[in-house]
2 protein chains.
Amino acid sequence: MVTEWMTTRAIDPDAGGNGRDNDRGSGRGGDAADRSDGRAAGRGNGAPATLSDVAREAGVSIATASRVLNGGTRKVRDDLRGRVMQAAERLNYHANAYAQAVAKGGSSNIALLVSDISDPYFAGVSQGVVKAASQRGVTVSIAVASNGEDELDRVRGMVATRPRGIIISESENVNDSSRQELQEELERYRSSGGRVVFILDRGLPFPAVDVANEAGGRAIGRLLVESGYRRPVILKGNDGYRSSAQRYRGVVGALAEAGIMVDPRAVVNGQFNRTKGFSAIMQMAGAGMLTPGEGAVYGGAGADSIVALNDVMAIGAMTALRNAGIVPGRDIGVTGFGDIPYAVDVYPALTTVHLPLTDMGRAAVENVLSDDDGYVADDPGRRLIFLQGRPDVILRDSLPRR
Amino acid sequence: MVTEWMTTRAIDPDAGGNGRDNDRGSGRGGDAADRSDGRAAGRGNGAPATLSDVAREAGVSIATASRVLNGGTRKVRDDLRGRVMQAAERLNYHANAYAQAVAKGGSSNIALLVSDISDPYFAGVSQGVVKAASQRGVTVSIAVASNGEDELDRVRGMVATRPRGIIISESENVNDSSRQELQEELERYRSSGGRVVFILDRGLPFPAVDVANEAGGRAIGRLLVESGYRRPVILKGNDGYRSSAQRYRGVVGALAEAGIMVDPRAVVNGQFNRTKGFSAIMQMAGAGMLTPGEGAVYGGAGADSIVALNDVMAIGAMTALRNAGIVPGRDIGVTGFGDIPYAVDVYPALTTVHLPLTDMGRAAVENVLSDDDGYVADDPGRRLIFLQGRPDVILRDSLPRR
DNA sequence: CTGTTAGCGCGTTCAT
DNA sequence: ATGAACGCGCTAACAG
């Protein structure tokens, strides 16, 4: 859409109509023939050096070359080893990762699927995955899928690359007609030796890195009560999303224990993104549901707080409040869930429950790379990897005592 | 480090003190041996189906199977085609991407290198890269490198995977002892058919997706002047970072035209991250350099604005100001550069210059996938892909007229 | 310890 | 139009 400003400057005005002298050359490897001696003038002009190039250059067999360049702990006479390494250096040899993968029937790559990298939550998780992976010498391919169908497509594409494992960190996909297919696809992948791990449990029969969602929700609920709030608006994610449901159950439960019933009109089912948080509150404010008055929630009393089950929703909600002339923190308290990095930078700083984003990513790759995925079919309980034993609620200024 | 909270908990709260029955066991997965005939009963039990499995199942040659499943526009009799496709479906065949890559001598993957995915700037760019790539059917592998040495390592790892191209979006690496090596490595990669594209020019002889940095800086400078500010503190990135230098030149130039000289003590060389913005301002405020008084900048007059050459620095600076009891927007104006998504959510909302993050990512992959990389050795000016012809400064509340 | 020889899964000529 | 055979770059048995 916004492509108007895009100015891919032209390249070679004068080259004009002249034929393209694309010597894409090579085409087929006339091979052997023109590769007279393998030394294309040392200029890295042609294709990258191969193992056999190195072997020839070093005057050894390709097997030997393989052994010194990659083969782990095999023994090779020192002089040969030296020659090989020098040759490799000289030819700037880099093993062809694909060929290796084909030969040994398995890559050293893990696939990561997220809904939206530009969301701080996923960005944090991804950062953890990528760093942990690279520390262990495995690469990660990343894909984004914004809806259920995309998700299935992406997963299919991923299994084609036969990664060591697939890590799925999607926020939600509901009404999931493709859910069944997804599960089947993943099960086939697993039965062929692949590992799949979810980040945040989605109720599918695979291991998942999970956190104390319900306990976190309860903690928020109690904090609300202790801080003197009685009339929260709750911003949840979609109903099909377990984490949201768990958090919701937690806060509602804690509230109930204190004798507080939340007004059904005060709970909005949205999605875990900033836009939804923003628009939901804009709309409620516009309808006069937030501040005391006729159409207000809680029988006209209005809301005294907004409990978002996700940080970005909370942040969107805060700016919506401001747009509506309501001062977050002063007029209405706000809480989030996740503790994304910029939760401290909004004003007032966001009170939220901390989630160890990058560590969640790390835990996922550790599981993928471990020998045993800890999955036990008949005991669903055994397939969860819990991080964050007790929830860590971070008190900041968006929910002052009142 | 922070691993203490990590509690790979058993699941059930009530399961109480029971011992952890970690049967890590398993060791190797056996297998391999049992592949007697390749046909593991059709059940997806064994290894994934291969092309020849499909061919056999369909009663055709592997070549034919290849043609219908992948081979573009070849002609195959309809009945055969049908049988093949059914067989593929039944066996849940997915082409082995690695084998394809080896066979045709080139993958359909591009590598992306960033400094930090969890930084909104890189997250935005990455999102653009990944989405654009997947629309074109190419996968992207991502790696992070926080410093110059890592960068070289990662690049080396990347070339091993022989991607179609390498996109580098690193913020900066200074005192770069490895810079020369990096360039050589990349040149070898290119001479072997690879494409490399930088996002934001770094002065290396490769195409780069760039934006109107200096013009943007000038726009900010002029806005400052027009809005009545005279005593800015400038938060730059590292000196070796061209984009920072360009932006800096722009604002200083515009200021100079208006007869404003910036106090040398008021410019801090940092890095483009939130922490640096935060700490720099904390420190200056602590030293009394910001508010009128003895040690203040501008001969004791203090600063009336903070010009951060990057959004996250600006955001860090704003919360630092608050910590120091200075109200951003009211006491001191603030501007950023980049327009990351959450620039609207800080308070006051950040005035900044817009950068089309995801489109920058997209442009990079388009260049990688295009036939001609537009690089012309002898005319450095010709190797840039400009986005955003005229800078778009977004007026918000952090820099009110005064 | 080193070199030979089979494959790995797939694309692609070359005959048929 | 279809199939047989070879090669991609590399690893892994197997000999020597």
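A, B, ... follow the sequence lines: proteins, then strands. Residue 1 opens every chain.
The CG-C1' distance, from A:Leu69 to D:dG9, rounds to 13 Å in whole Å. Here C:dC10 presents its C1' atom at 13 Å from CG of B:Asp53, a figure rounded to the nearest Å. Rounded to whole Å, atom C1' of D:dG9 lies 9 Å from atom CZ of B:Arg162. Computed from coordinates, the A:Arg83 CZ to C:dC1 C1' distance equals 14 Å when rounded to whole Å. At whole-Å resolution of the value, CG in B:Leu51 and P in D:dA4 are 14 Å apart. The CG-P distance, from A:Asn96 to D:dT11, rounds to 9 Å in whole Å. Regarding B:Ile62, its CD1 atom lies at a distance of 11 Å from the P atom of C:dC8, rounded to whole Å.
Checked against C:dC10, D:dC10, C:dC1, the side chain of A:Arg77 finds its nearest nucleotide in C:dC1. Each of D:dC8, D:dT11, D:dG3 was ranked by its minimum atom distance to the side chain of A:Lys104; first place goes to D:dT11. Of the candidate nucleotides D:dG3, C:dC10, D:dC10, C:dC10 has the atom nearest to the side chain of B:Ala103. If you check D:dG9, D:dC8, D:dG3 against the side chain of A:Ala99, the one that comes closest is D:dG9.
Taking 4.0 angstrom as the limit, A:Gln100 places a side-chain polar atom (N or O) nearer than this to OP1 or OP2 of D:dT11. Remark: B:Ser61 is in phosphate contact with D:dG3, judged by side-chain N or O atoms under 4.0 Å from OP1 or OP2. Residue A:Tyr93 places at least one side-chain N or O under 4.0 Å from the OP1 or OP2 atom of D:dC10. In this model, the phosphate group of C:dC10 is not approached by any side-chain N or O of B:Ser66 to a distance below 4.0 Å at OP1 or OP2.
When the salt bridge (charged side-chain N to carboxylate O under 4.0 Å, His left out) test is applied to A:Asp79, the partners found at least two apart in sequence or on another chain are A:Arg77.
Counting atom types as modelled, A:Arg67 pairs a side-chain N or O with a base atom of C:dG3 as donor and acceptor under 3.5 Å.
Each of A:His94 and B:Asp79 lies near DNA chain D, and the nucleotide nearest B:Asp79 is the one positioned closer to the 5' end.
Residues A:Ala49 and A:Tyr93 share a closest heavy-atom pair of O-CD1, 3.4 Å. Nearest heavy-atom pair across A:Met158 and A:Leu112 is CE-O, 3.2 Å. Taking each heavy atom of A:Ser115 and A:Val144 in turn, the nearest pair found is O-CB, 4.1 Å.
Residue-level contact check: B:Ala95 touches the backbone only, with heavy atoms under 4.0 Å from sugar-phosphate atoms and none from bases.
Side chain of A:Ser141 to backbone of A:Asn109: no donor-acceptor contact under 3.5 angstrom is found.
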